[in-house]
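Shown next, in structure tokens, is the structure this report addresses.
Quick note on labels: first sequence line is chain A, next is B, and so on, each numbered from 1. Computed over heavy atoms, backbone and side chain alike; hydrogens, waters and symmetry mates excluded. All of these numbers come straight from a predicted model, not from anything done at the bench.
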Number of protein chains: 2
Amino acid sequence: MEMKRRSGSTGRAVASATRRQLPVRTLQSQVVDGIGIGIIGGEFPPGATLPSDAALQERFEVSRTVLREALKALSAKNLITSRARIGTVVLPRREWSLFDPDVLSWHFETGPDIAFLRSLAEIRIGLELESVALAAERRSDAQLAVMRACVDGMAVAANTADFARSDLEFHRTVAEASGNPFMASITGLVDLVLATAFTISSPVDDSEARDVTVNHHRRVAESIGARDAEAARAAMRVVIMEGFDRAAGRMTAE
Amino acid sequence: MEMKRRSGSTGRAVASATRRQLPVRTLQSQVVDGIGIGIIGGEFPPGATLPSDAALQERFEVSRTVLREALKALSAKNLITSRARIGTVVLPRREWSLFDPDVLSWHFETGPDIAFLRSLAEIRIGLELESVALAAERRSDAQLAVMRACVDGMAVAANTADFARSDLEFHRTVAEASGNPFMASITGLVDLVLATAFTISSPVDDSEARDVTVNHHRRVAESIGARDAEAARAAMRVVIMEGFDRAAGRMTAE
DNA sequence: AATGTAGTATTGTATTACTATTCTGCCTGT
DNA sequence: ACAGGCAGAATAGTAATACAATACTACATT
């Protein structure tokens, strides 16, 4: 029995403006995405047993090799667990690797609800406020210069993608300046929030809103520049809440 | 390249016979652990190219199927990336899924340095202070009762394991009371790894230190009981810093 | 020298076969 | 009739082989 060759039509939407694109979509990544979205999106809820290897093989039209490597990847992200004769079952949500870029992008593609976004905002408040306070103490002059450049980049961005890129780069630089490697792990989370917030309404279009956003970021940068940890905390809180409001407001508006 | 049939399968049979005593350990997980520890521990630093499939196959004495599923798992944790003809290269540290349970535990198995422990403590400060503040607002009476019971459990614990269990349960309950499911997931993970890594350094032996620790926890619980978010923050900070000091002191002492 | 092209080494995918695990149900002995 | 064990079946785990796709190397052609 021969597997039919499929053409490279992936047709997958861009998950995020800043997500790096691999030159080639491998078969495995397509299957990983397919099942991952099925899990996050509720087709396979926690506790459910996935179809057997044979069934999934038929569904995605791939060999068992590809299918099993895909399942192994999902297993590594703590989405599923497999046992012989038992089957492959979806783990409870609490086990999932929340910070994983793929898991986050699948949330995005299946449409995050407002409670999800609020939870993310709370985590950002916790981590990024600590991160920015540490950055205020530990940052180098070069890092401060990068932050300022990012703010300027936001101010002059010609389109939403450029704006989001500068925005994300700003947060990444702050995380790096904190000197704590774990802080950088939440950039994927920030990425998702930005992508959600900017999907339709981008502050690039509205010059007034854009000025507000840019100024909030600039206040963070200058607080870090002044090595004022408390001011940096306060300014970062405003930035995060504003991002949440934009994403949430967009959802309730429709 | 080719595996010797006779001796190969014989060796495998013997190996699996000894493995059968620990039924949950699959071949793949051993390879994942082996390479994962090699990466975290510095044998394969970021940017380095891993040995080829064939070489790794020989090193771990497994089939290519098992090896490749193991590599797929590491790839899913963003530790490595593979491309045809290029090889499998270790990604920069910033890409790693540091919050992954396996990656965290590999850090401890390869001997965490004090900077790593400090980073974890900073993460706990960020997350658990926010968590406990939310818990002070949102907690139910039942949850408060559980917290108090945990503190009592710490006070009367007969051994290290019981003490650690009550300690862990306390922090988990606080995280749940925050109403943020992801907060519970992340803090639970970090706390669990820390607890299992340092079960030795519990203050059970030293009754004076034990009283101090228990009282600090009790202050957290009572601040939550009084719905005083700021007091809860302050008390939790003390708890976390004390835990860090004990772990760090233990490292430098030996 | 620039460019193309064949060779080659490495990962990606497919296929088949077998092993290990454990659930289901029959079957045997009392 | 019932308990216990034994055989079969279903499913994931592992092995082995073959070929495809990719991209580096080196040589050949212009």
Inset, instruction - Quantify the bending of the helix from C/dA1-D/dT30 to C/dT30-D/dA1 as the angle between its end axes, each fitted on five pairs, to 10°. - result: 20°
Legend entry - Residue-phosphate contact under 4.0 Å: B/Gln28 side-chain N/O, D/dT14 OP1/OP2: yes
Inset, instruction - Could you tell me whether A/Lys77 and A/Asp102 have a side-chain N and a carboxylate O separated by less than 4.0 Å? - result: yes
Inset, instruction - Kindly indicate whether the side chain of A/Leu120, heavy atoms from C-beta on, has any atom under 4.5 Å from the side chain of A/Phe244. - result: no
Legend entry - side chain to side chain donor-acceptor pair (under 3.5 Å) partners of A/Asp167, counting only residues at least two apart: A/His171, A/His217
Inset, instruction - Go through residues 82-90 of chain A and report each residue with a non-hydrogen atom lying under 4.0 Å from DNA chain C, sorted by number. - result: A/Arg83, A/Ala84, A/Arg85, A/Ile86
Inset, instruction - For the residue pair B/Pro101 and B/Leu189, establish whether any side-chain heavy-atom pair is separated by less than 4.5 Å. - result: yes
Inset, instruction - Could you list the residues that satisfy salt bridge (Lys or Arg N to Asp or Glu O under 4.0 Å) with B/Arg165, not counting sequence neighbours? - result: B/Asp162
Inset, instruction - Compute the ring centroids of A/Phe182 and B/Phe116, then answer whether they are less than 6.0 Å apart. - result: yes
Inset, instruction - Name every residue in residues 65-74 of chain A that has at least one heavy atom under 4.0 Å from any atom of DNA chain D, in order of residue number, or write none if there are no such residues. - result: A/Arg68
Inset, instruction - In whole angstrom, give the distance that lies between atom CD of B/Glu58 and atom P of C/dT10. - result: 14 Å
Inset, instruction - Go through the steps for A/Glu122 and B/Asn180 under the test side chain to side chain donor-acceptor pair (under 3.5 Å), then give the verdict. - result: CA-CA 8 Å; A/Glu122 286 171 0; B/Asn180 185 328; 2.9 Å; yes
Legend entry - For B/Ile86 against B/Thr49, the heavy-atom pair lying closest together: O-CG2, 4.5 Å
For residues 31-45 of chain B, run the donor-acceptor check on the side chains, cut-off 3.5 Å, and write out each pair with its distance to 0.1 Å, sequence neighbours left out.
from	atom 1	to	atom 2	distance (Å)
B/Asp33	OD1	B/Trp106	NE1	3.0
B/Asp33	OD2	B/Arg25	NH1	3.1
B/Asp33	OD2	B/Arg25	NH2	3.1
B/Glu43	OE1	B/Arg59	NH2	3.4
B/Glu43	OE2	B/Arg59	NH1	3.1
B/Glu43	OE2	B/Arg59	NH2	3.2

